[in-house]
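Input: a single structure, listed below in structure tokens.
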Amino acid sequence: METKHFIFLDIDYVTENGKPVVRLFGSQRGKSNGEPIIALDKSFKPYIYVLPENDMESCIGQILTLDVDDVKKVKKKDIGIEKEFLEVILHHPQDVPKLREKILALSEVKDIREHDIPFYRRYLMDKGLFPMAEVEVKGITKTQKSTPSVLSDNENLCILEINGEVKQMDGKIHHLKVMSFDIEVRNPKGMPKSDRDEIIMISMASNFGLQKVISTKESSFEYVETVEDEKAMINRFTEIVNTESPDIIVGYSSDNFDLPYINDRAKKLKIPFKISVDGSDIKFLRRGYTSAAVVRGRVHVDLYPIMRRHLTLDRYTLERVYEELFGEEKDDIEGDEIWEYWDAGGEKLERLFEYSLDDAIAAFKVAEKMLPINRELTRIIGQPLSDISRMASGQMVEWFLIRKAYEINEVIPNKPSQYEYSKRRGLTYVGGYVKDPVKGLHENIVAFDFKSLYPSIIISKNISPDTLIINETDEEYHTAPEVPHKFRKEPSGFIPSVIGDLLKERGIIKKLMNETNDPVEKRILNVQQEALKTLANSMYGVYGYARFRWYSHECADAVTAWGRDYIKNTMKEAEKYGFKAIYADTDGFYATYTGKIEK
DNA sequence: CTCCCTCGGGG
DNA sequence: GTGTACGAGGGAG
């Protein structure tokens, strides 16, 4: 048996002989530093929870008539109340959607839970694993021949079958190889079409010395590598990725443009395009609006969705984003003029080479700026970076809470059904207090605002679905203004305690940050506290977002009611000291000072 | 005002 | 793939 240490980069599962095999992808540490590893776990099985109607035994009997692996009794809390559930273990993750309706239809089954948790996410939670950190696995090294779940012919690839524990190691930040790439296309007839317009350049930049442009034309620039044709260009790019083996590959709009485009061209030219560690094709996932190009074993990060989330801009072109982040303009060539620069040759072609490399460098610099916070969010939320980088903030909050719920043995609420969702959408509730601005030019303006008003209210009033008082009680409670909702003072509710922990943790990190004199340490701590802040600030919407598992109309109502109450009272209070509010919105207001200004 | 539709990034 | 998840902003009515 061997012990391996690696930086845990990505996870998925495949099916072997009808059984699920979880694959952990990583970058090795120790004597094979930087080389890729795939650790296989064949021992993990999918399960869902069943809440029995009344009789436990007859419910088990009914479930066992279906093709399930096993049924176990377990105690879980449901919105704070301990209940006995049945853990129904199934043979394969895909049995879950096949069997859950049948299970729910059984007369002795009241409800089913946790039937929509993707298998790899279930694995991460149950094993207590957090991507982007180091893990230790024990197992037996396999050859590629004996491992149908891996098709790669990469000689450096280590394949290990886990037969011991998977252990999460410390939370140190490790150096990872990051590479950016960008393609240029010759498209004289409008937008590029992959069945018609050839790729003319592929450029790369990295944190390991690689910086080049591959093209079919020659240049006096040293960084340009000239190859025979487009086929050779794609092959060379593939070769570079597989030999350099970057841990993270980034592009700008590479989910929807660069990677699909190279893939399409390769197909048209009848050549393989395989940059995954396991030798598989790139998987293009379309999930409603979001799409993702998945490169197995490396983390492919598209910076575009990250920038959309991180900045509020009118446009999100790479040029615009670059200017915003670095305060300097980037040289730009219009997309529909690229072919002219290419065809013209000479000076113009040289400028195109420069522009192409510049784009890859700009993407790399954006990545250097944005990856730390995303790696940190990954380590806090505990889902893969490839998911985190494409997640909306509400989704991050949800997955964060799902892990927290698991940690305290709370069963996770179901996602709302279509019916439930439209019902929630139909409900209106009063938002924050807004006072229309008093027209005119004002002097001596003072701004008042509450620091994270909603999270503070949630904590101080203990607003949570599990503290909401439904029946009469003699316990102590907080009464919301305007709306008829009451919340128990004790014990601390699930969501208030999670937000409280987040803010406490942030406080500790900020303190450490101020105490240290080591600039590297300071920077790392700063990213950590920023990530916690990002998450805490996204928490405000937990109760009002109709798609949310922890949605609660009563809680949302109470939060905003207290919010309005606080701001109105503060405005009134300020008036006593000679301030006159001229504009207010939700968590702050502007006032003019009408009294005497004392020096 | 509400309802419906488009569009984003990429060359 | 334990699938089918956006949201702002404009134009029409």
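The structure displayed is predicted, hence computed values, not measured ones. Naming convention: chains lettered A, B, ... in sequence-line order (proteins, then strands); numbering from 1 in each chain.
Closest to the side chain of A:Ile48, out of C:dT2, B:dG11, C:dA5, is C:dT2. Across C:dT2, C:dG1, B:dG11, the shortest atom-to-atom separation from the side chain of A:Tyr355 is found for B:dG11. Here the nucleotide nearest the side chain of A:Asp116, chosen from C:dG3, C:dT4, B:dG10, is C:dG3. Listed nucleotides B:dG9, B:dG11, C:dT2 differ in distance to A:Tyr316; the shortest reach to its side chain belongs to B:dG9. Side-chain atoms of A:Val185 lie closest to B:dG11 of the nucleotides C:dT2, B:dG11, C:dT4. Listed nucleotides B:dG10, B:dG11, C:dG1 differ in distance to A:Ser253; the shortest reach to its side chain belongs to B:dG10. Comparing B:dG10, C:dT2, C:dG1 by their nearest atom to the side chain of A:Met191 picks out B:dG10. Comparing C:dT2, B:dG11, C:dC6 by their nearest atom to the side chain of A:Arg547 picks out C:dC6. Of the candidate nucleotides B:dG10, B:dG8, C:dT2, B:dG8 has the atom nearest to the side chain of A:Tyr304. Checked against B:dG9, C:dT2, C:dA5, the side chain of A:His115 finds its nearest nucleotide in C:dT2.
For C:dT2, neither phosphate oxygen OP1 nor OP2 lies less than 4.0 angstrom from any side-chain nitrogen or oxygen of A:Lys45. Within the structure, a side-chain polar atom (N or O) of A:Tyr13 is placed less than 4.0 Å from OP1 or OP2 of C:dT2. An OP1 or OP2 oxygen of B:dG9 is reached within less than 4.0 angstrom by no side-chain nitrogen or oxygen of A:Arg390.
Rounded to whole Å, atom P of B:dG10 lies 8 Å from atom CZ of A:Arg315. Per the geometry, CG belonging to A:Asp332 stands 14 Å off P belonging to B:dG9, to the nearest Å. With rounding to whole Å, A:Phe257 atom CZ is found 10 Å from B:dG10 atom P. In this structure, A:Arg320 atom CZ and B:dG10 atom P are separated by 13 Å, rounded to whole Å. Rounding to whole angstrom units, CD of residue A:Glu334 and P of B:dG11 are separated by 11 Å. Note: CH2 (A:Trp399) to C1' (C:dA5) measures 12 Å, nearest angstrom. Distance, A:Leu313 CG to B:dG9 P: 9 Å, rounded to whole Å. Atom CD1 in A:Ile11 sits about 11 Å away from atom P in C:dT2, given to the nearest Å.
Atom name P, nucleotides C:dA5 and C:dG9: the rounded distance is 24 Å, in whole Å. Here, B:dC7 and C:dC6 have their C1' atoms 12 Å apart, quoted to the whole Å. Spacing between C:dA8 and C:dG3 at atom C1', rounded to whole Å, works out to 27 Å. As rounded to the nearest Å, C:dT4 and B:dG11 have C1' atoms that lie 30 Å from one another.
Within the 4.0 angstrom heavy-atom criterion, only backbone atoms of the sugar-phosphate kind lie near A:Glu184; the bases stay farther away. Counting any heavy atom pair closer than 4.0 Å across all strands shown, A:Pro46 reaches a base atom. No contact: A:Ser254 has no heavy atom under 4.0 Å from any strand. Heavy atoms of A:Asp359 sit under 4.0 angstrom from primed sugar atoms or phosphate atoms, though from no base atom. Nucleic acid contact class of A:Ile117 (heavy atoms, under 4.0 Å, all strands): base. The residue A:Arg122 sits close to a base: some heavy atom pair falls under 4.0 Å. Contacts of A:Gly190 with the nucleic acid, taken as non-hydrogen atoms under 4.0 Å apart, include base atoms. Using a 4.0 Å heavy-atom criterion, one finds that A:Glu114 contacts the bases of the nucleic acid, with or without backbone contacts as well. Contacts of A:Ile333 with the nucleic acid, taken as non-hydrogen atoms under 4.0 Å apart, are absent. Counting non-hydrogen atoms under 4.0 angstrom, A:Asp182 reaches the backbone sugars and phosphates but no base. Residue A:Leu285 is classed as a sugar-phosphate contact, given heavy-atom separations below 4.0 Å to backbone atoms only. Among the protein residues, A:Tyr252 comes within range of the sugar-phosphate backbone only, with heavy atoms under 4.0 Å from sugar or phosphate atoms but none that close to a base.
Nucleotide C:dC6 is shown with a syn base, its glycosidic torsion being within 90° of 0.
Counting only N and O atoms by type, the side chains of A:Tyr322 and A:Lys365 include a donor and acceptor under 3.5 Å apart. Using modelled atom types, one finds no donor on one side chain facing an acceptor on the other under 3.5 Å when comparing A:Asp182 with A:Tyr355. A side-chain donor from one of A:Tyr123 and A:Asp41 sits under 3.5 Å from a side-chain acceptor of the other.
By the 4.0 Å N-to-carboxylate-O rule, A:Lys268 lies too far from A:Asp195 to be salt-bridged with it. Taking the charged nitrogens against the carboxylate oxygens, A:Lys212 and A:Glu225 do have a contact shorter than 4.0 Å, which makes a salt bridge.
When all heavy atoms are compared, the tightest approach of A:Tyr316 to A:Arg308 is CE2-CA, 3.6 Å.
Along DNA chain C, the nucleotide closest to A:Lys415 and the one closest to A:Ala392 are compared, and the more 5′ of them pairs with A:Lys415.
The partner of B:dT6 is C:dA8, by the rule that a Watson-Crick or G-U pair needs both atom distances under 3.5 Å.
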| request: Evaluate salt bridge (charged side-chain N to carboxylate O under 4.0 Å, His left out) for A:Arg23 paired with A:Asp10, printing each intermediate quantity in order. | output: CA-CA 8 Å; A:Arg23 306 192 300 178; A:Asp10 192 19; over 6 Å; no
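Aromatic ring centres of A:Tyr543 and A:Phe548: separated by at least 6.0 Å.
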